[in-house]
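Please read the structure below before turning to the comments.
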Amino acid sequence: MIQRFDVVIVGGGMVGSALALALARADLRVALLEAAEPPAFDSAQPHDIRVSAITRASQRVFERLDAWRGMRTRRISPYQAMEVWDAAGSGVIRFHAEEIGEPDLGHIIENRVIQLALLDGVRRLPAITLFCPAALAGLDVDDRAARVRLDDGRVLEAPLAVGADGARSRLRELAGIAVEIHSYHQQAVTCTVATELPHLATAWQRFLPAGPLAFLPLSDGQCSIVWSTGEAHAEEIMALDDAAFREVLGEAFAHRLGTIIDSGSRGAFPLRGSQAGVYVRPRVALVGDAAHTIHPLAGQGVNLGLMDAATLADVLLGAGGRDLGDLRVLRRYERARRGEDIIMMRAMEGFRALFGNPLPPVQWLRNTGLDVVDRIGPLKRGLIRRAMGLAGELPSLARA
Ligand SMILES: Cc1cc2nc3c(=O)[nH]c(=O)nc-3n(C[C@H](O)[C@H](O)[C@H](O)COP(=O)(O)OP(=O)(O)OC[C@H]3O[C@@H](n4cnc5c(N)ncnc54)[C@H](O)[C@@H]3O)c2cc1C
């Protein structure tokens, strides 16, 4: 039996479920496929090791989709300041929300909390049919429709199929869209830690020669760390016992928050940059990690994905009765997003190259650069606004 919809979205992660909500608010009939139900949340549980720094622009999207409340009632951690410094010198830059008259710079939120709050909304809206657990097994596209086959044999048909199924997108593969993948030869080691000194609601980042080490402040006083480093070093770190791990972590962080007094379980994630050759094909569009992945050093990956979702929603809702799978409609989305995503990716590559370079002139340049940016008000405020996702053309869900 074939079930018909206006849009079929493959992947009910943070980006796919946000897109489903954005489209259903305008009464489009949406099918959302998700392979795995996230485990239920209980505030007595320790923080998950997968967290995201959520920008103001993304917060606005969640507010408009009525999902922000569901995150706040579970667990979110606002941060008011950011401090970035270079291990090889004295350069330092500090941002504070007060400098631009904002209450905070953003929030650290567990990925599972984001996904659960969005899925609450998905279940509330009758315009969305959630297929979960259900995985994509096949795709067939012709002039009239895209047909998505589930692993249990059911078939969903719509003018448009969207791939929101992450970095290893099966939909992208079935649609024959090539992807350029670039390994950073690094892994990110993540973990929740307790520190001797309070984190002061500050997101800390120290640039080490092998990669950045971030301490992200959590509402219970602990920090979520993201330590990006060479593959062999990451494996060494993962193999350490807890006491030895806390020791090397404290040293790598120059004991900025005193000694590390406790640490939870650790995870390691290989880091890759990727860009799909195109974001759209007739009757197919890609959003989020299915379209691009970037280095987590500036915490922008899912924020970019949410802007993809909000932009695609603007384009589809503004299509004025035209076929939603028409390439001319979809290209508006690609034009609006691909350039933005590539700029962010190149900026991250530039940062990484600059901070990974041991040559003394480069060290001098970056230390001086950090200090200069720290002192020039307008430049600094511009950077803060960019980091909060407020620079450039914003989709309607992300506007003030
Ligand atoms: C260490 C680390 C730290 C990070 N920190 C940040 C940060 O601070 N801020 C930030 O913005 N970004 C951060 N990111 C990036 C961020 O995690 C990703 O950009 C984000 O998870 C992408 O969301 P997504 O919904 O596009 O994809 P995913 O989160 O990968 O979700 C894809 C969904 O699709 C489902 N799925 C997959 N295949 C199928 C299928 N065949 N059928 C049905 N369903 C399927 C999956 O179950 C999943 O739910 C970080 C990444 C890493 C590795």
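Remember, it's a predicted structure, so these values are computed and weren't measured experimentally. Whatever order the structure lists ligands and atoms in, that order sets their numbers, starting from 1.
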With backbone taken as N, CA, C and O and side chain as the heavy atoms from C-beta onward, which portion of Ala290 lies under 4.0 Å from ligand 1: side chain, backbone, both, or neither?
neither
What I want to find out is whether Arg328 reaches Asp326 closely enough, with some N-O distance under 4.0 Å, to be called a salt bridge.
yes
Looking at Met14, which atoms of ligand 1 are within less than 4.0 Å of one of its heavy atoms?
20 (C), 21 (O), 25 (O)
Going by the atom numbers of ligand 1, which of them fall below 4.0 Å from some non-hydrogen atom of Gln115?
49 (O)
Any atoms of ligand 1 less than 4.0 Å from a non-hydrogen atom of Ser52? List them with their elements.
7 (C), 8 (O), 9 (N)
State whether any protein heavy atom lies less than 4.0 Å from atom 30 (O) of ligand 1.
yes
Sorted by chain and number, sequence neighbours left out, side chain to side chain contact (heavy atoms under 4.5 Å, CB included) with Thr293 holds for Ala167, Ser274, Asp289
Do me a favour and list the nearest non-hydrogen protein atom to atom 24 (P) of ligand 1 with residue, atom name and distance?
Val15 CG2, 3.8 Å
Would you say ligand 1 has an N or O under 3.5 Å from any N or O of Gly301?
yes
Connected-component partners of Leu150 among ILVMFWY, side-chain separation under 4.5 Å:
Phe5, Val8, Val10, Leu33, Phe131, Leu136, Leu139, Val141, Val148, Leu156, Leu171, Leu174, Ile177, Val278, Val284, Leu286
Between Val287 and Val122, is there shared hydrophobic-cluster membership here, with clusters defined by ILVMFWY side-chain heavy atoms closer than 4.5 Å?
yes
Residue Leu136 vicinity, atoms of ligand 1 by number, heavy atom under 4.0 Å:
40 (C), 41 (N), 42 (N)
Return the option from Val226, Val51, Leu304 holding the heavy atom at the smallest distance from atom 5 (N) of ligand 1.
Val51
I'd like to know if Leu306 and Ile294 are part of one continuous hydrophobic network [Ile/Leu/Val/Met/Phe/Trp/Tyr, side-chain heavy atoms within less than 4.5 Å].
no
Just jot down the ligand 1 atoms closer than 4.0 angstrom to any heavy atom of Arg50, in number order.
17 (O), 51 (C), 52 (C), 53 (C)
Among all protein non-hydrogen atoms, which one is nearest to atom 27 (O) of ligand 1, and what is the separation to 0.1 Å?
Gly166 CA, 3.7 Å
Considering only non-hydrogen protein atoms, determine which one is nearest to atom 8 (O) of ligand 1 and report residue, atom name and distance to 0.1 Å.
Ala53 N, 2.8 Å
Among non-hydrogen protein atoms, atom 49 (O) of ligand 1 lies closest to Glu34 OE1, 2.7 Å
If we count only N and O atoms by modelled type, under 3.5 Å, do the side chains of His295 and Gln186 hold a donor and an acceptor together?
yes
Against heavy atoms of Ala188, which atoms of ligand 1 measure under 4.0 Å?
1 (C)
Tell me, which protein residue and heavy-atom name are nearest atom 38 (N) of ligand 1, and how many Å apart are they?
Asp165 CB, 3.6 Å
Only heavy atoms of Ala135, strictly under 4.0 Å: list the atoms of ligand 1 that pass.
42 (N), 43 (C)
Minimum heavy-atom separation for Leu32 and Ala20, please, with both atom names.
CD2-CB, 4.1 Å
Does even one non-hydrogen atom of Ser169 get within less than 4.0 Å of ligand 1?
no
Note: ligand 1 atoms sitting under 4.0 Å from heavy atoms of Gly288 are 26 (O)
Among protein heavy atoms, which lies nearest atom 45 (C) of ligand 1, and at what distance?
Ala35 CB, 3.8 Å
Could you label the plane-to-plane angle of the Trp227 and Phe245 rings as parallel, tilted or perpendicular, counting under 30° as parallel and over 60° as perpendicular?
tilted
Quick one: does Gly299 get an N or O within less than 3.5 Å of an N or O on ligand 1?
yes
In terms of ring plane angle, is the pair Tyr279 and Tyr333 parallel, tilted or perpendicular, where the classes change at 30° and 60°?
tilted
Same cluster or not: Leu304 versus Val162, using hydrophobic residues (I, L, V, M, F, W, Y) connected whenever any side-chain heavy atoms lie under 4.5 Å apart?
no
In terms of residue, atom name and distance, what is the protein heavy atom nearest to atom 32 (C) of ligand 1?
Ala164 O, 3.5 Å
Protein contact to atom 26 (O) of ligand 1 [nearest heavy atom, distance to 0.1 Å]
Asp289 N, 3.0 Å
Does a side-chain N-to-carboxylate-O contact under 4.0 Å join Glu196 and Arg256?
no
What I want to check is whether the side chains of Gln45 and Arg75 have a donor and an acceptor closer together than 3.5 Å.
no
Under 4.5 Å between side-chain heavy atoms, hopping through other hydrophobics if needed: is there a path connecting Ile54 to Leu19?
yes
